[in-house]
Visitor: 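Take this structure first; my questions come after.
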Amino acid sequence: MKVYFIGAGPGARDLITVRGAELLKKAPVVLYAGSLVPPAVLGYCRGDAELIDTAGLNLDEQCQVYSRAAAAGADVARLHSGDPSIYSATAEQMRRLEALGIEYEVVPGVSSFTASAAALCAELTKPGVTQTVILTRVAGRTPVPEGEAISQLATHGATLCIFLSGPYLDSLVADLLTQYPPETPIALVFRVSQPQERIHKSTLGSVLNEIVLDEWKLTTMVIVGDALACDHSEESRLYAPEFAHLFRNASSFKEDK
Ligand SMILES: C[S@@+](CC[C@H](N)C(=O)[O-])C[C@H]1O[C@@H](n2cnc3c(N)ncnc32)[C@H](O)[C@@H]1O
């Protein structure tokens with residue numbers, strides 16, 4: 001018996017991995033967060049699977065499900081939205097499983113930040129603009145450690161992908177404006193890959209005048225940075241004709257001695 005932590009992806013039925021879907025098709029017990037994992041993905045579950053929405057369960061109650069499944073020798077698929085390594089509270093579950101002597105495995109998923117970048121057709125690491133992506137959130141019920149305040153992270157000028165921050169958009173934008181110029185691009189992506197998907201592209205200086213804050217409170221990915229601009233960044237060295245690497249000879253490459 002094993003517990004499989006499975007990344008469900010951002011919501012679309014075809015954005016879960018093949019491995020994740022295959023495990024779901026077999027699992028007799030499935031736990032999922034109903035607020036984030038949409039029914040489209042649950043469609044993979046077998047007809048007689050026991051489906052448990054974790055919304056109403058605390059950690060102890062979830063562990064009781066794991067223990068009961070272990071006693072019955074039944075594998076458990078534990079679905080998490082996006083990728084389970086990001087804001088999914090998997091570490092505490094894993095600690096409990098270790099203590100219970102229950103084996104577990106993690107299956108990665110398409111995170112909402114990569115799905116949002118895809119929806120925007122954006123490359124988040126553009127040469128000459130930034131080579132860094134910061135995944136972060138503003139403090140909510142879970143505090144953010146000192147040194148990770150948005151205004152501090154913003155000093156890098158990197159692309160920021162900001163999770164769990166829809167309810168704080170106005171203060172978030174104010175904090176970002178302490179470091180980024182007002183013309184810096186920002187994109188709000190609500191429920192990416194789901195039927196309700198909505199995208200708003202703007203600049204830090206204008207965005208708050210253009211949106212109704214309440215419409216972006218839940219399940220919104222916020223991406224900020226110059227990499228979102230459609231201007232001409234430098235081209236990467238990867239495909240430059242004169243650049244040779246292990247798998248390609250240079251067209252007219254002369255070693256620089
Ligand atoms: C508890 S975190 C889970 C993140 C998830 N593990 C991931 O990799 O995307 C929930 C936050 O992720 C973002 N999110 C999750 N699914 C999303 C979606 N389909 N569209 C936009 N943002 C999403 C939102 O910022 C939301 O507040």
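As the structure lists them, so they are numbered: ligands from 1, and atoms in each ligand from 1. All values below come from the heavy atoms of this structure, side chains included, with hydrogens, waters and symmetry mates left out. This structure is a prediction, so every number in the text was calculated from the model and none was measured. For reference, positions follow the sequence shown, starting with 1.
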Visitor: Give the minimum heavy-atom separation between L204 and V173, together with the two atoms involved.
Guide: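 Scanning both residues completely, I find the closest heavy atoms to be O-CG1, 3.5 Å.
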Visitor: Please give the N or O to N or O pairs under 3.5 Å between ligand 1 and the protein, distances rounded to 0.1 Å.
Guide:
from, atom 1, to, atom 2, distance (Å)
ligand 1, 6 (N), S81, O, 2.9
ligand 1, 6 (N), D83, O, 2.9
ligand 1, 6 (N), I86, O, 2.7
ligand 1, 6 (N), S88, OG, 3.3
ligand 1, 8 (O), D83, N, 2.9
ligand 1, 8 (O), S111, OG, 2.8
ligand 1, 9 (O), S111, OG, 3.3
ligand 1, 9 (O), S112, N, 2.9
ligand 1, 9 (O), S112, OG, 2.6
ligand 1, 14 (N), S112, OG, 3.2
ligand 1, 19 (N), P10, O, 2.9
ligand 1, 19 (N), V192, N, 3.4
ligand 1, 19 (N), V192, O, 3.3
ligand 1, 19 (N), Q194, NE2, 3.4
ligand 1, 20 (N), R191, N, 3.4
ligand 1, 20 (N), V192, N, 2.9
ligand 1, 25 (O), L164, N, 3.0
ligand 1, 25 (O), T220, O, 2.8
ligand 1, 27 (O), L164, N, 3.3

Visitor: With a 3.5 Å cut-off and sequence neighbours excluded, list the donor-acceptor pairs that the side chains of residues 183-193 form with protein atoms.
Guide:
from, atom 1, to, atom 2, distance (Å)
T184, OG1, P181, O, 2.6
R191, NH1, Q194, OE1, 2.8
R191, NH2, S35, O, 3.3
S193, OG, A12, N, 3.0

Visitor: Report, one line per pair, each donor and acceptor closer than 3.5 Å where one atom sits in a side chain of residues 65-79; sequence neighbours left out.
Guide:
from, atom 1, to, atom 2, distance (Å)
Y66, OH, R78, NE, 3.4
Y66, OH, Q93, OE1, 2.6
S67, OG, C63, O, 3.1
R68, NH1, E50, OE1, 3.3
R68, NH2, E50, OE2, 3.0
D75, OD1, K2, N, 2.8
R78, NE, Q93, OE1, 3.2
R78, NH2, Q62, OE1, 3.0

Visitor: Do D60 and R96 sit within salt-bridge range, that is, some charged N less than 4.0 Å from a carboxylate O?
Guide: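 Yes, D60 and R96 are salt-bridged.
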Visitor: Pairs of donor and acceptor atoms involving the side chains of residues 139-154, under 3.5 Å and at least two apart or interchain, shall be tabulated with distances.
Guide:
none

Visitor: Check this for me, if you would: do E22 and R19 make a salt bridge, where the nitrogen-to-carboxylate-oxygen distance has to be below 4.0 angstrom?
Guide: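 Between R19 and E22 there is no salt bridge, as every charged N stays at least 4.0 Å from the carboxylate O atoms.
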